[in-house]
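To keep things clear, I will list the structure first and then write my remarks on it.
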There are 2 protein chains.
Amino acid sequence: MMETIEQFLESKKIRVTAMRLLIYKFLAERQVAVTLSDIENTFEKADRTTLYRTIKTFEDKAIVHQIDDGTGITKYALCEQGCNCEIETDLHLHFHCNNCNQTICLTEHKIPQIKVPDGFVSENINLVVKGICDKCSGQ
Amino acid sequence: MMETIEQFLESKKIRVTAMRLLIYKFLAERQVAVTLSDIENTFEKADRTTLYRTIKTFEDKAIVHQIDDGTGITKYALCEQGCNCEIETDLHLHFHCNNCNQTICLTEHKIPQIKVPDGFVSENINLVVKGICDKCSGQ
DNA sequence: CCAATACCTGCAACGGAAGTGCAATTATTG
DNA sequence: CAATAATTGCACTTCCGTTGCAGGTATTGG
């Protein structure tokens, strides 16, 4: 079942606009998490706010998820099929390259069980591995 | 071997000033990670920049370490004895309470081995468990 | 098909946090 | 005590995230 981006957005109850299609395609092309200013630099004609709100809309509709990789700047990436970001038990694992500064979703690598002391209740886990990515280490 | 704070700071090659003693004591009293504005609110007479630079100094000398708990605001906590924050292999584990918004160092809970795909080199791991802390869950 | 409505976009502006340059003050050293 | 070095405070800047409002564009119902 191949569905177009337009159909996909409509299925998520998001109105299809030129801007949204462009941003969606931009995210889909990339394998890494992007910042808002990455998007800004790519679509210089568009307003910051529009891009910001587009991402927010995508986030609300569980099309993209936010990533905090410790750089202090929020990054975003498309959710994969089966990614249940809205559910707290969904565990994220991200890799941040200290060399090229890119952040990658390692969706296939699940987070192991983490023990917390008595009295503490774990609801969610944010795990960022930092180091050198495959492209940079291969050089 | 009890050493005074003055002696401790001197051993780290940090000049002892009233400000630094106050901030050190403030950090030592607390069991949780604090933000820069926490410190600002506590020492309203002092200038923001001074507090900022004091923390930076402590950080450079490995007296405090930075914590990124996903709130977007950098927090700081005293390094414990034996905490080798400057060494990349030192693994941090922190707990962020979604209720009281406090972040706690769980220094006794080490991070388990995380597998990364071939070609990736892991240098450091940031792990934040979010949930309800012992104080909040006990109520 | 048109009007009413809802939604999207762009501009302007705000607020918080991090960071820097510089001058003045304070401490250290010889 | 003088020269030097480090610390502190003020002013200012930058960056990111966010919101209010006005104008434009798309959608819906009659």
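By convention in this document, chain letters (A, B, ...) are assigned in the order of the sequence lines, proteins followed by strands, and residues within each chain are numbered from 1. Keep in mind the model is a prediction, meaning the values are calculated, not measured.
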### Message
Tyr76(A): which residues meet the ring-ring contact (aromatic ring centres under 6.0 Å, His included) condition with it, sequence neighbours left out?
### Response
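Listed in chain order: nothing, the list is empty.
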### Message
Both Leu51(A) and Lys75(B) contact DNA chain C. Which one's nearest nucleotide lies toward the 5' end?
### Response
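Looking at the nearest nucleotide for each, Leu51(A) comes out on the 5' side.
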Output the rounded distance in Å from [atom1] ([X]) to [atom2] ([N]).
| X | N | atom1 | atom2 | value |
| --- | --- | --- | --- | --- |
| Ile73(B) | dG16(C) | CD1 | C1' | 8 Å |
| Ile55(A) | dC16(D) | CD1 | P | 15 Å |
| Asp60(A) | dC7(C) | CG | P | 14 Å |
| Glu59(B) | dA18(C) | CD | C1' | 12 Å |
| Glu10(B) | dA27(C) | CD | P | 14 Å |
| Ile39(B) | dT8(D) | CD1 | C1' | 16 Å |
| Glu44(A) | dT9(C) | CD | P | 19 Å |
| Phe43(A) | dG10(C) | CZ | C1' | 17 Å |

### Query
What pairs meet the salt bridge (charged side-chain N to carboxylate O under 4.0 Å, His left out) rule with one or both residues in residues 30-51 of chain B, with sequence neighbours excluded?
Glu40(B)-Arg48(B)
### Message
Show every salt bridge (charged side-chain N to carboxylate O under 4.0 Å, His left out) that has at least one partner inside residues 65-76 of chain B, sequence neighbours left out.
### Response
Asp69(B)-Lys75(B)
### Query
How is the hydrophobic cluster of Ile132(B) composed, in terms of its other members, when Ile, Leu, Val, Met, Phe, Trp and Tyr link through side-chain heavy atoms under 4.5 Å apart, directly or indirectly?
Val121(A)
Shorter than 3.5 Å, N or O on both sides, protein versus nucleotides 11-13 of chain C: list them out with atom names.
| from | atom 1 | to | atom 2 | distance (Å) |
| --- | --- | --- | --- | --- |
| dC11(C) | N4 | Thr49(A) | OG1 | 3.3 |
| dA12(C) | N6 | Thr49(A) | OG1 | 3.4 |

Interface polar pairs with nucleotides 2-4 of chain C, N/O, under 3.5 angstrom:
none

### Message
Taking side chain to side chain donor-acceptor pair (under 3.5 Å) as the cut-off, I'd like each qualifying pair that reaches into residues 8-26 of chain A, sequence neighbours left out, listed once.
### Response
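Those involving residues 8-26 of chain A do not exist here.
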### Task
Sorted by first residue and then second, give each side chain to side chain donor-acceptor pair (under 3.5 Å) pair with at least one member in residues 54-64 of chain B; sequence neighbours left out.
none
Any [X] side-chain nitrogen or oxygen under 4.0 Å from OP1 or OP2 of [N]:
| X | N | value |
| --- | --- | --- |
| Lys56(B) | dA18(C) | no |
| Ser37(A) | dC15(D) | no |
| Tyr52(A) | dG17(D) | no |

### Task
Specify the closest pair of heavy atoms between Ala28(B) and Leu78(B), including all atoms of both residues, with the distance to one decimal.
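Between these two residues, the closest heavy atoms are CA-CD1, 3.6 Å.
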### Task
Show the numbers, then the answer: is there a side-chain contact (heavy atoms from CB on, under 4.5 Å) between Ile55(B) and Gln66(B)?
CA-CA 10 Å; Ile55(B) 286 289; Gln66(B) 222 173 307; over 6 Å; no
### Query
Among pairs that include at least one residue of residues 36-60 of chain B, which meet ring-ring contact (aromatic ring centres under 6.0 Å, His included), considering only residues two or more places apart or in two chains?
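Qualifying pairs: Phe26(B)-Phe43(B).
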### Task
Walk me through it: do Thr103(B) and Val128(B) pass the test side-chain contact (heavy atoms from CB on, under 4.5 Å)?
CA-CA 9 Å; Thr103(B) 299; Val128(B) 181; 5.8 Å; no
### Query
With sequence neighbours excluded, what pairs up with Ile73(A) under the side chain to side chain contact (heavy atoms under 4.5 Å, CB included) test?
Thr35(A), Thr71(A)
### Query
Which of residues 12-31 of chain A have a heavy atom under 4.0 Å from DNA chain C?
Arg15(A), Thr17(A), Met19(A), Arg20(A)
### Message
Is there a side-chain contact between Lys135(B) and Cys97(B) in this structure, where contact means two heavy atoms from C-beta onward sitting under 4.5 Å apart?
### Response
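Counting from C-beta outward, Lys135(B) and Cys97(B) never come under 4.5 Å.
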### Query
Under 4.0 angstrom, heavy atoms only, what part of the nucleic acid is Thr35(B) near: base, sugar-phosphate, or nothing?
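Result for Thr35(B) = nothing.
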